[in-house]
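Reviewing the structure listed below.
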Amino acid sequence: MDLSPGIAYFWDRLSKALLEPGSHVSLASLFCALLIAFGVLAVRRYRKGRPVRARVLFRALFPKRIVLSRSSLADIGYFYFNIFVFGLVFGWALLSYHMLSRAVFDALAAAFGPPRPSMLPVLVSRTVITIMLFLGYELGYWLNHYLSHRIPFLWEFHKVHHTATVLTPLTNFRVHPVYMCIFLNILALFTGFANGLGQYAFGQATQQYGLSENNVILVFFIYLYVHLQHSQLWISFTGWLGRVFMSPAHHQIHHSRNPAHFNKNLGSCLALWDWMFGTLHIPSAEREVLDFGVDAERDDAHTIWGELIAPFGRAAHVLGRRLQAPSPQSAPLPASERTRA
Ligand SMILES: [Zn+2]
Ligand SMILES: [Zn+2]
């Protein structure tokens, strides 16, 4: 088929995103999330003695007020932007990943001598490096998210994700390019460090187990519940499970407008780092009624101007006030510019 370069580019990006099994938004993983959502709803209705019909379940999962809301429609725009326009940034992050990985390897070799060949079976060394890279990813994710909530300048860019007033799997793409640049490079630092460490310990040829070049443990969680974190379906892990894993309800609490929930549950797949660093809020087993969003709906919320361009002005304003103010106590920022403290 003779496709023009433009169409070929769009098809290439779209097929990589939707058809590769290890992609963050593969159709296979979305279908898996849908099956889990149907299953959970069906079991809940059955236990209550209510009829389990496919049409009722479908309506419960895709109510018009969510699907057709301005927030959901804006998320489609973010999906388009991040899939088709923003791919270049991944290249920069990859560069810093390889550079750091190499630097850590060289530093260890300089300090402790050249690496000795590993006596471990390949299965063991690859499994360990896969776990190391996954934990590095999770810690980098947590730290970037923590900084994005705590530093007012960064919050102006991350706030875009929190302006969603309803949650769907596409809300995952509702992120500002500046946030993504910082996020990907912090991730590259942590995973690059883990990889350098692993390659020194097990040999440079040791690779993680991956699917479409994505860490296989991360892919497992994408199939299991990551999509459902941005949904209205309350699936809650409590007890020790809630201290280790970031259930969909954990992340819904992260989006809540209740001040008791601000700056909580900053992890991706794991709640472990939140638990260790004191930012964990375990959801209750029963559904909690939550309002999503940041503040009262602005006129320019969900628009390109309001969420893509205006954050630069708001961040510059925050920076200007910080530079002018001799101390935070003498010049408190207005509520609209404060991080979620
Ligand atoms: Zn956040
Ligand atoms: Zn979110």
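Whatever order the structure lists ligands and atoms in, that order sets their numbers, starting from 1.
In summary, His254 places no N/O/S atom under 2.8 Å from the Zn ion (ligand 2), failing the contact criterion.
Of the angles at the Zn ion (ligand 1), the one spanning NE2 of His162 and NE2 of His145 is 170° when given to 10°. Put simply, the angle at the Zn ion (ligand 2) from NE2 in His161 to NE2 in His255 is close to 100°, to the nearest 10°.
Between Arg257 and Asp291 there is no salt bridge, since none of the side-chain N atoms of the basic residue sits less than 4.0 Å from a carboxylate O of the acidic one.
A distance below 6.0 Å separates the ring centres of Phe157 and Phe312. Aromatic rings of His254 and His261 (six-membered ring for Trp) have centroids beyond the 6.0 Å cut-off, not under it.
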Yes or no on side chain to side chain contact (heavy atoms under 4.5 Å, CB included) for His149 and His158, after CA distance, side-chain angles and deciding distance?
CA-CA 7 Å; His149 275 254; His158 179 55; 3.2 Å; yes
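If you look at His158 and ask which of its N, O or S atoms sits nearest the Zn ion (ligand 1), the answer is NE2.
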